[in-house]
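Everything below concerns the one structure shown next.
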Amino acid sequence: MTTRVIIVDDQAMVRAGFAALLAAQSDIDVVGDAADGAGGVRLSRQVHPDVVLMDVRMPEMDGLEAARQLLHPPIGVTHRPKVLMLTTFDVDDYVYEALRAGASGFLLKDAPPADLISAVRVVAAGEALLAPSVTRRLIADFARQRPAPRTDRTALRLNGLTPRETEVLELIARGLSNQEIAERLILAEQTVKTHIGRVLAKLELRDRAQAVIFAYESGLVSPGER
C-alpha cells in the first residue's frame with residue numbers, strides 16, 4: 001500500500017529535496033507541498049495525505065498551529081493525517097507542544113536520508129517516532145522545566161491500568177521500542193502491542209507520543225530515570 005505524503009516547509013529547496021527523496025521510494029507518493037502552515041492545512045484537506053511532514057517554524061501560520069488544526073479538525077472534517085514535525089533544533093518548545101497536540105513525533109532536518117524515509121514509514125504505520133535519544137532528551141527536558149502535580153483525574157486514569165500496562169507505559173516513556181519492551185518483559189511482541197493499545201484506550205491518548213508526555217507529566221516517570 002502506498003503512503004501519501006505532503007511536505008509543508010517555507011524553504012523551497014527543502015521541499016524539493018525531501019520530495020525527490022521520498023518520491024523515489026516505491027511505497028511513498030508525494031501528493032503536494034505548501035510553503036506555510038495555512039497552506040498545508042488547506043492542501044491536506046484537499047488531497048487527504050496519510051502523513052504530513054510539517055516544519056515547526058514558518059511565517060503566517062507556524063507548524064504547531066497547523067498541526068493542531070489538522071489533528072483537531074472542526075466538526076464535519078473527518079480526515080486526520082499523521083503529522084511528523086521537522087525542526088533544525090534538537091530541543092524545541094514548539095515540538096514539545098506539537099507532541100502534546102497529537103503529532104506522531106519529530107525529525108531533525110539534517111537527519112540522514114534513510115532516517116527520513118524510515119520516519120515516514122514508521123509514522124504511517126501508526127507508531128510514534130520516539131526511539132532516538134534526542135527525543136527522549138527533549139521530553140525529559142520539558143518535563144523537568146514544567147513539573148505538573150498529579151491531579152485526581154490523572155490518578156484515576158493511572159489507577160485504571162493493570163500493573164502490566166503500567167509497566168509497559170513506563171518503558172514506552174523511556175523510549176523503548178515494542179521489540180525492546182517484549183525482550184525486557186519476556187513477552188511476545190504482539191502481546192506488547194495489545195498492552196499498548198489498551199493503555200492508549202484507557203488513558204484516552206492518540207499515540208505513543210502522547211503516552212510519553214502523560215507518563216512524565218503525571219509523575220509516573222521522572223526525568224533522568226533509566
Side-chain angles (χ1 to χ4, degrees), residues 1-23 25 27-89 91-111 115-130 135 138-139 142 200 204-214:
M1 183 176 178
T2 301
T3 298
R4 294 164 57 83
V5 176
I6 67 171
I7 301 164
V8 185
D9 194 291
D10 61 333
Q11 298 181 39
M13 290 293 290
V14 171
R15 297 198 306 274
F18 284 1
L21 176 65
L22 294 173
Q25 311 306 308
D27 60 335
I28 298 175
D29 186 11
V30 178
V31 295
D33 64 79
D36 60 58
V41 172
R42 289 193 298 269
L43 179 62
S44 178
R45 289 178 179 163
Q46 290 170 2
V47 302
H48 292 179
D50 300 302
V51 177
V52 176
L53 290 180
M54 181 77 73
D55 187 22
V56 170
R57 300 176 183 273
M58 293 180 288
E60 303 301 328
M61 179 189 290
D62 64 23
L64 174 58
E65 179 57 30
R68 284 178 177 147
Q69 292 193 20
L70 290 176
L71 297 168
H72 304 280
I75 296 174
V77 177
T78 59
H79 177 252
R80 297 189 186 188
K82 302 291 194 307
V83 176
L84 177 60
M85 306 303 296
L86 300 169
T87 179
T88 54
F89 304 96
V91 175
D92 191 310
D93 191 17
Y94 283 94
V95 176
Y96 177 82
E97 294 298 336
L99 290 172
R100 294 187 65 189
S104 294
F106 84 101
L107 188 72
L108 297 179
K109 284 187 177 181
D110 61 358
D115 285 2
L116 173 63
I117 297 167
S118 174
V120 169
R121 289 171 176 157
V122 166
V123 169
E127 297 288 339
L129 195 68
L130 292 172
T135 309
L138 177 147
I139 294 170
F142 282 101
L200 297 180
E204 301 175 353
L205 301 173
R206 177 184 172 92
D207 58 21
R208 294 170 73 107
Q210 288 195 322
V212 173
I213 299 295
F214 179 89

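Note that the structure is a prediction, hence the values are computed from the model and not measured.
Judged by distance alone, the side chain of H79 and the main-chain N or O of V47 form no donor-acceptor pair under 3.5 Å.
Nearest heavy atom pair, residue P81 against residue P49, reads CB-O, 3.5 Å. Residues L200 and A211 approach most closely at CD2-CB, 4.0 Å, considering heavy atoms. The two residues L22 and V30 have their closest heavy-atom pair at CB-CG2, 3.8 Å. Annotation for M54 and V83: closest pair CB-CG1, 4.0 Å, computed over non-hydrogen atoms. Residues M85 and A67 share a closest heavy-atom pair of SD-CB, 4.2 Å. In plain terms, the two heavy atoms of L84 and A119 that are nearest each other are CD2-CB, 3.7 Å.
Distance check, rounded to the nearest 0.5 Å: CD of Q25 to OG1 of T3 gives 11.0 Å. Atom-to-atom distance recorded for I6:CD1 and L43:CG is 4.5 Å, nearest 0.5 angstrom. For the atom pair OG1 (T78) and CZ (R45), the distance works out to 10.5 Å, reported to the nearest 0.5 Å. Between the CG atom in L116 and the CZ atom in R121 there is a gap of 10.0 Å [rounded to 0.5 Å]. How far NZ of K109 is from OG1 of T87: 7.5 Å, rounded to the nearest 0.5 Å.
Under the side chain to side chain donor-acceptor pair (under 3.5 Å) criterion, the residue pairs touching residues 30-43 are R15-D33, with sequence neighbours excluded.
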Exercise for the section: Please lay out, stage by stage, how D55 and V8 fare under the test side-chain contact (heavy atoms from CB on, under 4.5 Å). Expected result: CA-CA 6 Å; D55 187 22; V8 185; 6.0 Å; no

Exercise for the section: Step by step, work out the side-chain contact (heavy atoms from CB on, under 4.5 Å) result for V5 and F18. Expected result: CA-CA 11 Å; V5 176; F18 284 1; over 6 Å; no

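Between D50 and R4 there is a side-chain heavy-atom pair separated by less than 4.5 Å. A heavy-atom distance below 4.5 Å is not found between the side chains of V56 and L64.
Partner L53 forms a side chain to side chain contact (heavy atoms under 4.5 Å, CB included) with one of D9, L107, I7 and no other, that one being I7.
Evaluation of the ring pair (Phe, Tyr, Trp, His ring centres under 6.0 Å) rule for H72 yields no partner, not counting sequence neighbours.
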